[in-house]
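These numbers come from the heavy atoms of this one structure, side chains and all, not from hydrogens, waters or symmetry mates.
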Amino acid sequence: MKVSFYCNTKYDALQLVEFYKQDLKILNEIAEEVSVALRWRDIDWKSDIIFVWWWTYAFIPVLIGKILKKKVVITGTFNYGCEKNTRDYSRRSRLQRYLIKFSIKHAWKNILVSQKELKLIQKDWLLKNLEYSPHIVDTQKYSFSENRAENLLFTICWMEKENVYRKCIPEILTSIKILTDMGVKVKLIIAGRNGGAEQFVLSLIDDLKLKPYVEFIGEIEEEKKIRLLQKCSIYLQPSRYEGFGLAIAEAMSCGAPVISTDVGEVRNVVGDAGVILYNCDITLMADSIKKLLGDKIKL
């Protein structure tokens with residue numbers, strides 16, 4: 001079996017984003033040959049299966065696949081039923097909605113990582129070509145650790161401007177400001193691949209006078225990410241929308257207490273094993289951090 005993996009992204013993202021890496025690894029294990037295409041025109045149409053990440057640009061592969069009678073599989077987060085997300089299906093143009101719906105309707109299979117989205121789409125569109133397969137965590141790599149640094153907070157965010165707001169980075173920083181003004185000694189580390197908003201985040205840190213308490217380290221290798229997840233006192237990932245929350249699952253696998261928000265698939269990922277906030281309220285976030293740190297806080 002030959003598979004062509006298509007994702008409209010940069011090549012380095014395939015090496016950095018865990019769910020891309022996981023899918024490529026699985027495909028290479030089950031297929032005789034896997035080719036990678038970063039543009040639709042580079043898809044190997046001689047392949048038995050065309051594996052596409054995201055519905056937003058799947059229209060052309062699905063259309064060509066129908067003509068050539070190829071099996072096209074699409075996966076990702078659909079962004080459906082989450083009106084607060086600027087990329088939600090309902091907030092897209094009529095043309096975009098038509099192309100996305102065409103893609104999901106005519107794909108051979110659609111693999112959704114969010115059970116919540118799958119149920120909504122099944123209910124609204126009555127499709128039978130939907131499958132559910134949540135993201136997974138390699139617990140051999142993301143292994144449990146009890147050795148925690150005192151009062152060390154950690155968060156990961158792709159530094160694209162809209163994503164910085166989606167991941168509530170301004171609110172996280174303001175909650176840290178509240179804590180430090182109270183005399184609570186915490187250290188926050190922010191990591192994430194480059195996306196153009198690095199200077200914006202650094203300016204926020206400077207404006208809030210948080211340089212002694214916040215370290216922005218940018219892109220990091222997976223090994224360093226795992227070490228920080230194993231070391232931090234709390235992993236912070238509040239969000240205005242979260243398709244799945246793989247980094248949350250990775251943090252939990254490493255034994256890190258998690259603070260997130262009740263959006264997307266997060267509640268199904270976290271269950272009762274973390275603190276889930278109603279929204280990104282800065283006071284509530286600061287209080288939750290303080291409570292989790294508990295008696296270990298130094299005043």
remark   = In terms of heavy-atom contacts, Trp53 and Asp23 come closest through NE1-OD2, 2.9 Å
Using modelled atom types and a 3.5 Å cut-off, is there a donor and acceptor pairing between side-chain atoms of [X] and backbone atoms of [Y]?
X	Y	value
Thr155	Leu236	yes
Glu160	Asn163	yes
Thr261	Pro238	no
Gln237	Ile156	no
Ser239	Tyr241	yes
Glu219	Ala191	no
Asn151	Lys185	yes
Asp48	Lys2	yes
Arg267	Gly264	no

message = So that I can tick it off, tell me whether Arg92 and Asp88 are bridged by a salt bridge, with the cut-off set at under 4.0 angstrom between side-chain N and carboxylate O.
response = no
key: Evaluation steps, side chain to side chain donor-acceptor pair (under 3.5 Å), between Tyr20 and Lys25   = CA-CA 9 Å; Tyr20 295 156; Lys25 180 176 183 293; over 6 Å; no
For [range], pull every pair meeting disulfide bond (SG atoms under 2.5 Å apart), keeping only residues two or more places apart or in separate chains.
range	result
residues 14-67	none
residues 91-150	none
residues 192-264	none

Would you say [Y] ends up clustered with [X] if hydrophobic residues are merged whenever their side chains have heavy atoms under 4.5 Å apart, either directly or through other cluster members?
X	Y	answer
Leu126	Ile100	no
Val73	Trp54	yes
Ile136	Leu16	no
Leu228	Phe144	no

inquiry  = According to ring pair (Phe, Tyr, Trp, His ring centres under 6.0 Å), does anything in residues 99-119 pair up with another residue at least two apart or in another chain? List the pairs.
reply    = Phe59-Phe102, Phe102-His106
Under the side-chain hydrogen bond (donor to acceptor under 3.5 Å, both in side chains) test, residues paired with [X] that sit two or more places apart:
X	value
Lys70	none
Ser103	none
Trp158	none
Tyr165	none

inquiry  = In terms of relative ring orientation, are Tyr235 and Phe154 parallel, tilted or perpendicular, with 30° and 60° separating the classes?
reply    = perpendicular
key: Pair Ser143, Gln230: side-chain N/O donor-acceptor within cut-off below 3.5 Å   = yes
key: Donor-acceptor side-chain pairing of Ser114 and Glu265 below 3.5 angstrom   = yes
query = Who pairs with Cys168 by disulfide bond (SG atoms under 2.5 Å apart), at least two apart in sequence or on another chain?
reply = Cys280
Result block: side-chain N/O donor-acceptor pairs under 3.5 angstrom for residues 200-207, not counting sequence neighbours:
residue	atom	partner	partner atom	Å
Ser203	OG	Gln199	O	2.9

With sequence neighbours excluded, residues passing ring pair (Phe, Tyr, Trp, His ring centres under 6.0 Å) with Tyr80 = Phe78, Tyr89, Trp125
Would you tabulate the side-chain donor-acceptor contacts of residues 4-12 under 3.5 Å, counting partners in other chains and residues two or more places apart, or write 'none'?
residue	atom	partner	partner atom	Å
Ser4	OG	Ser35	OG	3.4
Ser4	OG	Asp44	N	3.2
Tyr11	OH	Gln15	NE2	3.4

